[in-house]
Amino acid sequence: MTESYVIIGDGIAGSSAAETLREEAPDADITVITDEGEALYNRILIKEFAKGKLPEAPISIHDESWYDERDVELRLNTHVKNLDPDAHTLETHEEEVIDYDKLLVATGGTPTQLPVDNSDAEGIHHFWTFQDARRIKESAESGEKAVIVGAGLLGIDLAAISGAQDIEAKYLMRGDAWWRYALSVEGAEIMHNAMRDIGVEPVFGSGVDHFETDDDGHVTAAVDPNGDRFECDWAGVAIGLNFNTEILQGTGVKQDDGVLVDQHMQSNVDDIYAAGDLTRFYDTILGEYGQNGSWGSAKEQGTIAAKNMVDPESAEFRWVSSYSITHFDFPFLSFGHPTIGDDEVEKKYSDTEYRRLALKDGKIVGGVLIGDLAPQSAYKRLMKEERVVGDQKEVLMQKKFDPDDLAPTQEQ
Ligand SMILES: Cc1cc2nc3c(=O)[nH]c(=O)nc-3n(C[C@H](O)[C@H](O)[C@H](O)COP(=O)(O)OP(=O)(O)OC[C@H]3O[C@@H](n4cnc5c(N)ncnc54)[C@H](O)[C@@H]3O)c2cc1C
């Protein structure tokens, strides 16, 4: 009998799974269901579109013929609302019931709304889809002032869009630095200066107490917990993701701030796999459960899940993820899990060059490089090899880091 594979979500995780499934199972029935109105596009590049730097076309990755050519059935504008693992069926918003033999949940997340008054006002944008990017671009092209909230990797994209569109923006942060869990104030200062250079003013010890609106319900200002008021024509909020896991309610699939999967992307329920941003996966490098929110990781998880759906436990996810920022005239890269660990080492080399490594049990578990990305592959390799290097911090921070300068690993 022909095996049927169903994938929910046509982001990079779902789409790469479909591609691998077709390679591994030439005769299988493969269906990809997405509630978006367009097939896979490059989510990473929608910021460049919102900046006004890229037209729409290059952002699209697959058109519908890509699925036809691979004999993959693509269902656009279709929201899956229920799942019955015993019957091996799912139900769409139009009450259509679809059978599966093996299912991949690759539904990603939806941006979290600020829990404050008027956070759903007109002109307050969250940033995840192409549609969001179109709306942000429109606001940025017509407005003069903006407020940005969320001192992380997505917030800085909103700040860069403001800068590129000549908006005068205030970037409200709760702490004293951008991405304070991954960088020290010293390192973050490089980013703060770069923001100022493009007309975005970081405001520390701030945040949003509530938004003000006009009579039409359009945002006019953000008021922070200190009572300071920041006028704006629009606001961009990026404070995190809520994973799209409603369909898993009552299915017995275990979750813990993400769908729990092993290193094979298999959940605890037979024939249900998960991949991409929404997983909390067993990280064989860390030796504990971990989470990634990056394009490369989601792609690899989709591929690994597909291999295991066809041939159980045949492939393992073992991956050091990376995430780069290209908005400024110096490069920025974070890798692994820079916000965890029990030790760290950092060094600022100049006004635009900085490095920080997060360590756990003496092993590198993540890091941030600003200005010079040359050592990234060596650091990532040491992380993947789980090499104990925490006692050689000076060598690790050498400007021209050479792993051959590290003392040989002692037997543990
Ligand atoms: C603006 C922006 C910039 C980014 N920049 C970078 C970067 O520079 N580098 C990097 O590594 N990462 C970046 N990322 C993160 C990266 O894009 C994500 O990690 C990656 O896209 C996650 O892929 P995914 O397939 O897991 O989920 P998603 O891409 O979120 O795909 C999930 C899909 O499932 C659909 N869906 C959800 N629920 C249902 C349902 N019930 N029924 C049907 N369909 C459903 C959703 O609509 C969506 O299309 C960025 C993200 C954004 C938004």
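We number each residue from 1, following the sequence as shown. Atoms within each ligand, like the ligands themselves, are counted from 1 in listed order.
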Are Tyr323 and Trp179, when compared by the centres of their aromatic rings, separated by less than 6.0 Å?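 That pair fails the under 6.0 Å test.
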pair Tyr41-Glu56: side-chain heavy atoms closer than 4.5 Å: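 Result no, sub-4.5 Å side-chain heavy-atom pair not found.
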Evaluate Asp10 for polar contact with ligand 1, using N/O atom pairs at a separation under 3.5 Å.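 N/O-N/O distance below 3.5 Å does not exist for this pair.
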Is [X] touching ligand 1 with its side chain, its backbone, both, or neither, if touching means heavy atoms under 4.0 Å apart?
| X | answer |
| --- | --- |
| Ile325 | neither |
| Lys47 | side chain |
| Ala298 | side chain |
| Leu154 | side chain |
| Ser324 | backbone |
| Ala106 | backbone |
| Asp35 | both |

Pick from Lys393, Lys360, Lys363: which one makes a salt bridge (Lys or Arg N to Asp or Glu O under 4.0 Å) with Asp343?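 The single option meeting the salt bridge (Lys or Arg N to Asp or Glu O under 4.0 Å) with Asp343 is Lys393.
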Nearest heavy atom to [atom] wins, so pick from [options].
| atom | options | result |
| --- | --- | --- |
| atom 41 (N) of ligand 1 | Asp132, Ile7, Val80 | Val80 |
| atom 29 (O) of ligand 1 | Gln301, Glu36, Arg43 | Arg43 |
| atom 43 (C) of ligand 1 | Thr78, Thr107, Ile12 | Thr78 |
| atom 31 (O) of ligand 1 | Gly109, Gly11, Ala275, Ala50 | Gly11 |

With heavy atoms of [X] as the reference, note each atom of ligand 1 found under 4.0 Å away.
| X | value |
| --- | --- |
| Ser294 | 11 (O), 12 (N), 19 (O) |
| Gly293 | 19 (O) |
| Phe127 | 1 (C), 53 (C) |
| Gly276 | 26 (O) |

Short N-O contact, [X] and [Y], less than 4.0 angstrom:
| X | Y | value |
| --- | --- | --- |
| Glu73 | Arg75 | yes |
| Lys81 | Glu246 | no |
| Arg196 | Glu189 | yes |
| Arg43 | Glu36 | yes |
| Arg134 | Glu138 | no |

What do you reckon, does Ala133 put a non-hydrogen atom under 4.0 Å from ligand 1?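 Contact absent.
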With sequence neighbours excluded, residues passing side chain to side chain contact (heavy atoms under 4.5 Å, CB included) with Ser324: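 Expected list: Leu333.
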Nearest to atom 27 (O) of ligand 1, what protein heavy atom do you find, and at what distance?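 So the nearest neighbour among protein heavy atoms is Gly108 CA, 3.6 Å.
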Under 3.5 Å, is there a donor-acceptor pair between the side chain of Asn292 and the main chain of Ser321?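 No, the answer is negative, given that no donor and acceptor are paired below the 3.5 Å cut-off.
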